[in-house]
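Take a look at the structure below.
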Amino acid sequence: MSKFARFLGGAALAATVVATMPSAPFAEEPKRGGTLVQAIQNTPRHLNPAVQSGIATGEPGTQLFASLLRYDESWTPEPYLAKSWEVSHDGLSVTLKLVEGATFHDGHPITSEDVAFSIETVKAYHPFKSMFAPVEQVKTPDAHTVVVVLSQPHPALLLAMSSQLLSIIPKHIYGDGQDPKTHPRNSENVVGSGPFKLVEFKRDQHIILERYENFFIKGRPYLDKIVMRIIKDGSARTIALDSGEFMLSGFEQTPRDLNRLKKNPNLNVSNEGYAAIGSIVWLAFNTKQGKTADKAVRQAISYAVDRNFILKALMLGTAKPAKTGIHPGSPFYDDSVNGYDVDLDKANKLLDDAGYAKGSDGMRFGLTVDYGWAIVKPYAEYMKPQLKKIGIDVTVRASADFPTWAKRISNHEFDMTMDNVFNWGDPVIGVHRTYDSDNIKKGVIWSNTQQYSNARVDELMKLAGSTYDLDERKKYYAEFQQILAGELPIYWLFAGPYHTVANKKVGNPPNSIWGTSAPLDRVYLK
Amino acid sequence: MGLWSTVAERVGYGLLLLVAVLILNFALISIAPGDIADTIAGDMGGADASVIEEIRTRYGLDQPFYVQLWRYLSRVVQFDLGYSYFYNTPVTTLILEKLPATLLLVFSAQILAVITGTLLGVLAAKKPNGAVSLTVTFLSLFGFAAPVFWTGILLIILFVSIFPLFPVAGMMDVTVEGGFFVKTLDVLHHLVLPMITLASIFLALYSRLARASMLEVLGADYVRTARAKGVPERGVLYKHALRNALGPVVTVAGLQFSAVISGAVVVEAVFSWPGLGTLALQSILARDTPTIMGILFFSSVVVIIFNILTDITLRFIDPRIKSG
């Protein structure tokens, strides 16, 4: 059992985790000082992750704002702003003790009031409603104690209190009555609680961060400064990483660029981490309209698609297979499900038996496959020649841009689509939304656009989402994955190959489950 | 017609054009599938249905097209370009933040293209069938035919990757410490590749134009007279002929200004140049209507002003023009 499992098992017994910052065995003593030039891929809308999710805000946001907990690379929660936490016997309340002496970047102390305010703000304004939905009340018995009162046991709570999902924001600034979503301090004069404070934010250019000297972890962060350069173009980032102009870049996923960078002896190219981001690339089916409403058709297509070919020829060995909707790096991933390894005979037989006879041209029927952005285009195009082998005439529908695609898919006007969806930590946050029959919502992208509904699956998600017992949750999620793999609302292909590219001069390159969307206070320059 | 009445007429037409530009573009953006709620949700890795609903109501996207258009136009009349949906910042602020970078790129590229183009054209016109002329023709056609993003990437590979002479992207290196002079040098250093890339498309145009126009002028009687009376060849070329040959170049340079701005969109994307082009691309992809409209408004104004300035310049170069 992993540490994660031990912790969650212990949580029900009201175990208390006492604060000691676990430190990885360093090969050498971290050095203080220096400026890290990091590449990020998109301009964030603003810098306040409490009201804006997404990686663009997460990478700078987790430097500016601290969360209550943080996670290492093996899903172990660690103290961060909370030095200890304790789940009550009935699982209906969580008591957290805050680090004493912690201050915001303007010197105001960080108190339980701020934490309560942050949780309430995130609950009301963050786009992921499932994170804090069961939170009924946040009590603040004293300045350093927070009691979160829940309407039902809520195992996703701990992950929802880490990284960019729960940023502790100052009440004295954001509590001034203005709408937090459009608050002017979201991008200017940001007063955070994290290891770095904001010096300058220039859209489409850079974000400059500087060490917060009174950060609550003594001696950290090691870096004087982080300069995040916003470079959308992948080849430009590759060249700059190659030449040493940039020292660090996270969330890199273009196979050709990655393989090129791996050849550079000055760089560490690592796929460690990102399990909580949980990016999965998949082929989604419309389970209500058209030929794909027939399970046999979906199964035949899945048998016809050669996942290994995609991994080898299109991903050039940079990605790992994902056989279900839960990321393979998650403790809940069930590897025993049917992965539909390629079998053209079986695929053809399934279609024959279901009564789809081949016409004189060798074709049974036609289907469309959509894609919305460049990186998933090759997989969509691969479907055409491959599915021709089982007599399905595939038309690849390109969309001019993301909103065009989102419009089609969210209005259920599609047969099949390539997609890339994130788990966002606990399955409750990012997995349930795709299969929950209550979440079939026209016009909402990344809802249950497959329109899949199964009462048992709904029930399993409810059960797994309301117990802290890891083994029980694993059991529920295993059945959940088995049913889904049988009914195939989606054919899951592989885990998005996020990599962190770091110059060898960078010590402790981030490798947590949140990748580079996590505090860089341990990073240093050799 | 006098100069001022011509200018007044042009300004009048310009205003009409602006209204047309705004209405047409607003319609075009509304026709495009998807809206800002989709992109905000996309940017956030998905969002709850209530969040998407709220975004649509907040920005009035649930209203019919004509209501949205009317609201927008009545604000623009009061010189209010509105708030960017995506960045939640006044559009004017966003544009003014980006405008200097684009103007720097566009002007330097335009000046580079006009000057080198003209000089190359003159050089080629000296011996219309000589080796120089052929090389100039070949090079300029090559630059004209090559897609601008391709030229840009090629230059990056050559001068960043293979011979690391220039920085790969952006407009400045924020880690550079130093005074105004050092920082200016740094910006110029970043400017070189994008400027050459953008200029490469127009170089062809100007050199071909200058060449043709020079050839025509060099055949004229007054050039023969100048030569006959013993004016040195250099004087004939640059004093007598060039000034007269410049007319078409200036006209086209003025009219091409809009093309330079649209070329800048692509060049900015390739070099991550933080200008209006990058902003335009981002806002189109995000369906950020107020920002796209604001940029189109600004660039229309700039193009109209340039057309008027071209008219005036031409009058100075060629006093025979009385009204355009």
Side-chain angles (χ1 to χ4, degrees), chain A residues 35 37 42-46 52-57 125-130 181-182 184 186-187 200 202-206 208 225 227 229-233 235-237 239-240 242-243 245 372 399-408 410 421-422 424 430 433 439 441 443-447, chain B residues 32-56 58 83-89 94 97-98 101 149 152-153 156-157 160-161 164 167-175 268-275 278-279 281-282 284-287:
Chain A
T35 298
V37 181
N42 282 300
T43 291
R45 290 182 70 206
H46 59 72
Q52 167 82 28
S53 71
I55 298 158
T57 298
Y125 297 102
H126 196 281
F128 299 165
K129 296 293 173 212
S130 53
K181 279 196 150 161
T182 55
N186 287 345
S187 31
E200 187 178 54
K202 281 206 160 177
R203 287 180 196 89
D204 296 322
Q205 291 197 58
H206 56 247
I208 305 178
K225 247 185 183 183
V227 173
R229 298 272 310 267
I230 301 161
I231 307 287
K232 275 195 165 74
D233 185 68
S235 30
R237 285 197 308 277
I239 291 174
D242 222 0
S243 70
E245 195 178 328
S399 292
D401 50 19
F402 178 81
T404 310
W405 172 82
K407 183 101 195 151
R408 280 178 176 168
S410 66
V421 180
F422 293 0
W424 289 116
R433 56 178 175 167
N439 199 29
K441 291 190 171 145
V444 180
I445 194 60
W446 294 326
S447 58
Chain B
D35 59 25
I36 185 77
D38 291 322
T39 42
I40 292 180
D43 203 55
M44 296 196 294
D48 201 78
S50 60
V51 177
I52 293 192
E53 198 57 41
E54 196 242 76
I55 297 172
R56 294 205 167 114
R58 178 191 292 246
Y83 269 75
S84 154
Y85 296 158
F86 197 76
Y87 290 123
N88 242 309
T89 306
L94 273 180
E97 211 175 272
K98 309 284 181 182
F149 67 89
I153 291 170
I156 291 182
I157 292 174
V160 179
S161 217
V168 60
M171 188 168 135
M172 57 179 84
D173 183 347
V174 281
T175 54
E268 285 183 9
V270 172
F271 289 94
S272 303
W273 190 260
T278 311
L279 184 67
L281 190 68
Q282 156 77 32
I284 291 169
L285 292 180
R287 302 284 188 275

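Lettering of chains follows the sequences in order, A, B, ..., and the numbering in each one begins at 1.
- In this structure, the portion of A:Trp424 lying under 4.5 Å from any heavy atom of chain B is its side chain and not its backbone.
- Closest non-hydrogen pair, B:Pro274 versus A:Gln205, comes out as CB-CG, 3.1 Å.
- Both the backbone and the side chain of A:Ile231 come within contact range of chain B, judged by heavy atoms closer than 4.5 Å.
- With rounding to the nearest 0.5 Å, the separation of CG in A:Asp401 from CD1 in B:Ile284 is 9.0 Å.
- Contact annotation for B:Glu53: neither backbone nor side-chain heavy atoms come within less than 4.5 Å of a heavy atom of chain A.
- The greatest number of non-hydrogen atom pairs below 4.5 Å with chain A, out of B:Arg58, B:Glu97, B:Met172, is found for B:Arg58.
- When heavy atoms are compared at a cutoff of 4.5 Å, A:His46 does not approach chain B at all.
- Looking at heavy atoms from C-beta onward, B:Gln282 lies out of side-chain contact with A:Thr43 at the 4.5 angstrom threshold.
- A:Pro184 does not touch chain B: none of its heavy atoms, backbone or side chain, sits under 4.5 Å away.
- Contact of A:Gln52 with chain B is made through backbone and side chain together, with heavy-atom distances under 4.5 Å.
- Interface residue B:Leu94: only side-chain heavy atoms are found under 4.5 Å from chain A.
- In plain terms, the two heavy atoms of B:Ala269 and A:Asp233 that are nearest each other are O-CB, 4.4 Å.
- The parts of B:Val168 that come within reach of chain A are both its backbone and its side chain, each placing non-hydrogen atoms under 4.5 angstrom from that chain.
- For chain B, the nearby part of A:Lys441 is the side chain; its heavy atoms alone come within less than 4.5 Å.
- We find the NZ-CD1 distance between A:Lys181 and B:Ile40 to be 8.0 Å, quoted to the nearest 0.5 Å.
- No hydrogens or angles considered: a donor-acceptor pair under 3.5 Å links the side chains of B:Arg287 and A:Thr404.
- To the nearest 0.5 Å, atom CG of residue B:Asp173 and atom CZ of residue A:Arg229 are 6.0 Å apart.
- Looking at A:Ile445, the atoms closer than 4.5 Å to chain B (heavy atoms on both sides) sit in the backbone and in the side chain alike.
- When the candidates B:Ser161, B:Ala169, B:Ala41, B:Gly42 are compared by the number of heavy-atom contacts under 4.5 Å with chain A, B:Gly42 comes out ahead.
- By the 4.5 Å heavy-atom criterion applied to side chains, A:Lys129 and B:Ser50 are counted as neighbours.
- The shortest side-chain heavy-atom distance between A:Arg408 and B:Pro33 does not fall under the 4.5 Å cut-off.
- Side chains of A:Arg203 and B:Thr89: a donor on one and an acceptor on the other come within 3.5 Å.
- Proximity to chain B (any heavy atom under 4.5 Å) is shown, for A:Phe422, by neither the backbone nor the side chain.
- Side-chain contact between B:Thr39 and A:Arg45 is absent, with no heavy atoms from C-beta onward closer than 4.5 Å.
- In terms of non-hydrogen atom pairs under 4.5 Å with chain A, the most contact-rich of B:Pro164, B:Ala37, B:Gly46 is B:Gly46.
- Of the atoms belonging to A:Val37, it is side-chain heavy atoms, and not backbone ones, that fall under 4.5 Å from chain B.
- Taking both residues in full, the closest heavy atoms of A:Thr182 and B:Asn88 are given as CG2-ND2, 3.0 Å, listed atom of the first, atom of the second, then distance.
- Taking the side chain as every heavy atom from C-beta outward, B:Lys98 and A:Asp204 approach each other to under 4.5 Å.
- With a 4.5 Å cut-off on non-hydrogen atoms, B:Ile52 touches chain A through its side chain but not through its backbone.
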